[in-house]
Amino acid sequence: MTANPISIQKTKNPKNRPSADSLGFGRYFTDHMFLASYSTQKGWHNLRITPYEPIPLDPGASVLHYGQALFEGMKAFSHQDGSCVLFRPEFNWARMAEGAERLCMIAPPKEVFIEGIKELIKVDRDWIPSEKGCSLYIRPTLIGSESFLGVRPAEEYLFFTILSPVASYYGEGTKAVKIWVEEEYLRAAPGGLGATKAAANYAGSLKAALQAKKNSYSQVLWLDVNRQYIEEVGTMNVFFVFENEIVTPSLEGTILGGGTRNSIITLLKSKNKPVVERRVKLQEVRDAAANGTLKEIFGTGTAAVISPVGELAAKDWKISVNNGEMGPVAASLYEELTGIQNGTVKDTFNWLYKI
Ligand code: COI
């Protein structure tokens with residue numbers, strides 16, 4: 001328990017819960033939310049679970065003007081024995097704390113972050129779907145809430161967490177997605193916010209993603225500032241299975257260090273698979289596709305889990321990967337990761353946090 005008590009006000013009007021086949025991703029929210037407030041005078045205070053409802057926000061709040069907003073993506077799973085677990089909550093807390101440092105924000109302490117989410121999930125635990133491929137997606141969010149107009153870091157923050165029962169992120173489910181290689185717009189530059197889960201990174205990505213969707217591509221693959229090296233897909237990190245090694249772009253300050261990315265590297269290393277974090281040239285991938293040494297591409301993310309990529313395309317070229325299907329490396333990693341999360345594979349890495 002936190003030294004700071006959490007008050008709980010339950011809803012008088014519980015919602016009807018959606019059926020698993022209608023979930024999609026992020027369309028429904030549970031009955032309650034967790035909030036905590038920060039001010040320089042009081043520190044973190046007023047920890048509360050309330051009915052899910054609109055948040056009162058002053059029109060002068062710094063998040064609305066200077067974009068002080070960070071979020072996380074996590075998941076909770078229900079196990080067959082009736083227990084429920086969070087997957088690697090400390091990883092998400094640490095990443096929010098690092099992002100907050102970069103955006104000059106005040107992150108909630110670890111116990112506020114984890115205990116708040118844990119208590120919220122206890123209140124809404126009936127919302128965790130138990131169907132295969134489904135989970136409860138958790139969206140912790142930190143915003144600057146102080147009202148002022150001079151450009152400086154806010155001195156008041158609101159941390160809140162909302163929950164959404166979800167199925168697959170992509171409409172394709174676990175089928176391969178088609179990805180557009182973005183050669184015009186840029187997600188991040190050295191020295192910028194690329195390594196953080198700042199809301200601004202997603203605002204900047206929407207135009208390219210929209211154009212890709214119009215052409216039937218699910219997402220974009222971002223390149224570096226010189227449009228030579230591969231960085232990440234809009235909603236996931238990316239792995240390339242070459243004949244002799246499995247490669248993912250190294251974290252050089254412009255890529256978001258994903259929790260699933262980290263878990264997959266750990267799983268591969270534990271099996272002595274040749275996984276390498278290094279810079280990857282787009283041309284290297286195109287050459288490997290041409291000479292037959294590119295075996296698979298897959299993306300990793302909390303929402304995306306492990307999503308095979310069946311096609312990469314840009315203005316004047318296109319490559320098909322593993323005949324547009326999920327390959328054996330992605331398939332076995334998917335089974336192992338989701339098995340750990342769902343409690344059917346032993347959690348030897350201590351990734352599960354019992355609620
Ligand atoms: C996640 O995978 O948790 C994300 O935040 C990606 C996207 C849904 C924004």
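Just follow the structure's listing: the first ligand is 1, and inside any ligand the first atom is 1.
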- Kindly give the heavy-atom pair with the smallest separation between Pro274 and Asn244, and that separation in Å.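 Of all heavy-atom pairs spanning Pro274 and Asn244, the closest is CG-O, 3.6 Å.
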- Message: Go through it in stages, so that I can follow the logic: the residues are Leu333 and Phe239, the test is side chain to side chain contact (heavy atoms under 4.5 Å, CB included), and I'd like the CA-CA distance, side-chain angles, deciding distance and then a yes or no.
- Response: CA-CA 12 Å; Leu333 288 166; Phe239 285 72; over 6 Å; no
- Message: Can a donor-acceptor pair be found, under 3.5 Å and without considering hydrogens, that links the side chain of Asn323 to the backbone of Glu325?
- Response: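 Not a single qualifying donor-acceptor pair exists.
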Nitrogen or oxygen atoms of [X] and ligand 1 under 3.5 Å apart:
X: Ala303; answer: yes
X: Tyr169; answer: no
X: Tyr137; answer: yes

- How does Arg139 reach ligand 1, if at all, at less than 4.0 Å between non-hydrogen atoms: by side chain, backbone, both, or neither?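 It is the side chain that touches ligand 1; the backbone stays farther off.
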- ligand 1 contact on Met236 by region, counting heavy-atom pairs under 4.0 Å: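 It is neither; nothing of Met236 touches ligand 1.
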- Message: Under the rule for ring pair (Phe, Tyr, Trp, His ring centres under 6.0 Å), what residues qualify as partners of Phe148, not counting sequence neighbours?
- Response: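 For Phe148 there are no ring pair (Phe, Tyr, Trp, His ring centres under 6.0 Å) partners, ignoring immediate neighbours.
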- Just which atoms of ligand 1 are under 4.0 Å from any heavy atom in Tyr202? 9 (C)
- Check ligand 1 against Phe71 and write out every atom of the ligand that is under 4.0 Å from a heavy-atom position of the residue.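 Ligand 1 atoms under the 4.0 Å threshold to Phe71: 5 (O).
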- Ring-ring centroid check Phe71 Tyr202, cutoff 6.0 Å: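 Yes, the ring of Phe71 comes within the 6.0 Å limit of the ring of Tyr202, centre to centre.
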- Message: Please report whether the ring centroid of Tyr38 lies less than 6.0 Å from that of Phe159.
- Response: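 Phe159 vs Tyr38: aromatic centres not under 6.0 Å.
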- Task: Name the closest protein heavy atom to atom 4 (C) of ligand 1, giving the residue it belongs to and the distance to 0.1 Å.
- Result: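 Residue, atom and distance for the closest contact: Lys197 NZ, 3.3 Å.
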- Item | Identity and distance of the protein heavy atom lying nearest atom 7 (C) of ligand 1 |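 Its nearest protein heavy-atom neighbour is Thr235 CG2, 4.0 Å.
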- Task: Answer yes or no: is there an ion pair linking Lys207 with Glu184, defined by an N-O contact shorter than 4.0 Å?
- Result: no
